Amino acid sequence: MTTIFSDLKKDLLDPDTIQKHLLPWYDANQRTLPWRALPGREPNPYHVWLSEIMLQQTTVPTVIPYFLNFIRLWPTVQDLSHASLDDILHAWQGLGYYARARNLFKCAQEITTRYEGIFPDMESTLLTLPGIGPYTAAAIAAIAFGKNTSPVDGNIERVLSRVYAIKVPLPGSKPLLQALARHHTPLHRAGDYAQALMDLGSRICTPKKPICISCPLRRFCRALEKGDPENYPLREASSLKPTRFLDAFWIEDGSNFLLLEKRPLSGLLGGLVMVPIPLLNKNETNPFFKEGSSPLKGLVSHTFTHFHLKVRVLKARAARGNFSLLENQFWHPLSDLSDQALPTLMKKIVRHVT
DNA sequence: TTCCAGCAGC
DNA sequence: GCTGCTGGAA
């Protein structure tokens, strides 16, 4: 920590400067969120964990309906641990990063069997559970159990980068930001402190057009002093994504059944249901003949973490009797697609065809 | 149409 | 250090 601070040391703010201004602001301005305990009430660790896993990948407004649906279907972590993976993936569909739904399930099972349904309250124990990494372990320990830990999410990175006008670009500045967050974490109310920084980041210290005039930290924000808070945090130049072109096979039998396949559990869109797209995973071979199929006009575009995808849809009709299904394939009524766990790519293809 | 945020697993 | 998805903003 001393080395990280070395060239910043004389510029460090008092350890408690930030929280002294931040906590009163939080008490007056905190967001009401379905997983957040009302002031003076005990947080529900199951709710905190579930929301943090969902929030790992998307924003609060997107998460809220998924979260409410999950706790309606599975009110406790034991209920979730007794669900089926297919039901969980179905409820998760559209959220993306489907490996996280599998880890959610594994984690619920471990909590139920190894911890008798009680969430561990130690950061180091939480860190051993599936799907819980450094950020989530610290967040649960602080928010659900009031432990003195310092979770650093994207909001907190942005706020601290601005307050200190950090010149090192992300992600290289992460250790420094972690150390700064640690430096300012109060002994009491560490969870409120973390949530206050997150709320500040989402409501005031926004990526674009921050509302500095309303910020409780404006008096000692160095980026504001320099006049360019929006330029922080600095980022390494990102590399360009390649574009891949693939064919999807929309194959119907004579009676409105569609050929679907369940994708392998690991890898892209794992465990979700799609029409066949040969070569979407590496090493996949193409078992389909393009003869007898007609390409639809236009392409379906979708972007994954590391590449753009443009899909041509080939439509064909097959007699069920002389079509031999692969192990992971099945015929499914077109009218009942909604009972399957479909990724957004598949929904775009459905829209394109129908 | 393109860009971007968001964190864990391997 | 590479892989994994989506919605919303620009």
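Side chains included, hydrogens not; waters and symmetry mates left out as well; all remaining heavy atoms used. Predicted model only: the values in this text are computed from it and were never measured. Chain identifiers are assigned alphabetically (A, B, ...) following the order of the sequence lines, protein sequences preceding nucleic acid strands; residue numbering begins at 1 within each chain.
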Are [X] and [Y] packed together at the side-chain level, in the sense that at least one heavy-atom pair is separated by less than 4.5 angstrom?
| X | Y | answer |
| --- | --- | --- |
| A:Ile88 | A:Trp74 | yes |
| A:Met346 | A:Leu272 | no |
| A:Trp250 | A:Val350 | yes |

Between [options], which nucleotide gets closest to the side-chain atoms of [X]?
| X | options | answer |
| --- | --- | --- |
| A:Leu268 | C:dG4, B:dG6, C:dG7 | C:dG4 |
| A:Asn103 | B:dG6, B:dG9, B:dC7 | B:dG9 |
| A:Arg235 | B:dG6, B:dG9, B:dA5 | B:dA5 |
| A:His302 | B:dC7, C:dA10, C:dC5 | C:dC5 |

Seminar exercise, completed: The residue, A:Pro343 or A:His306, whose nearest nucleotide of DNA chain C is more 5′ is A:His306
[X] vs [N]: side-chain N/O to OP1/OP2 distance below 4.0 Å:
| X | N | value |
| --- | --- | --- |
| A:Arg100 | B:dG9 | no |
| A:Thr136 | B:dA8 | yes |
| A:Thr344 | C:dG7 | yes |

For this session: Establish whether the base of B:dG6 is bridged to the side chain of A:Tyr97 by a donor-acceptor pair shorter than 3.5 Å.
Result: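 Side chain to base: pair found, below 3.5 Å.
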Exercise. For the base of C:dC5, is there a side-chain donor-acceptor partner from A:Thr305 under 3.5 Å away?
Worked result: yes
Exercise. Do NZ/NE/NH1/NH2 and the carboxylate oxygens of A:Asp192 and A:Arg36 come within less than 4.0 Å?
Worked result: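 No, this pair does not count.
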For this session: Hey, which sits more toward the 5' end of DNA chain B by its nearest nucleotide, A:Lys310 or A:Leu95?
Result: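 Looking at DNA chain B, the more 5' nearest nucleotide goes with A:Lys310.
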Nearest-Å distance, [atom1] ([X]) to [atom2] ([N])?
| X | N | atom1 | atom2 | answer |
| --- | --- | --- | --- | --- |
| A:Glu157 | B:dA5 | CD | C1' | 11 Å |
| A:Leu127 | B:dC7 | CG | P | 15 Å |
| A:His308 | B:dC3 | NE2 | P | 7 Å |
| A:Gln56 | C:dT3 | CD | P | 20 Å |
| A:Arg244 | C:dC5 | CZ | C1' | 15 Å |
| A:Glu230 | B:dC4 | CD | C1' | 14 Å |
| A:Met346 | C:dC5 | CE | C1' | 17 Å |
| A:Leu50 | B:dC7 | CG | P | 16 Å |

Exercise. Distance under 6.0 Å and angle within 45° of the ring axis: does A:Arg320 meet both against A:Phe257?
Worked result: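 Satisfied, under 6.0 Å and within 45°.
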If you look at every strand shown and take non-hydrogen atoms under 4.0 Å, does [X] touch a base, only sugar-phosphate, or nothing?
| X | answer |
| --- | --- |
| A:Arg102 | nothing |
| A:Pro134 | sugar-phosphate |
| A:Pro130 | sugar-phosphate |

Exercise. What's the verdict on side-chain hydrogen bond (donor to acceptor under 3.5 Å, both in side chains) for A:Tyr232 and A:Lys167, showing C-alpha distance, side-chain angles and the deciding distance?
Worked result: CA-CA 8 Å; A:Tyr232 295 86; A:Lys167 291 170 199 67; 5.9 Å; no
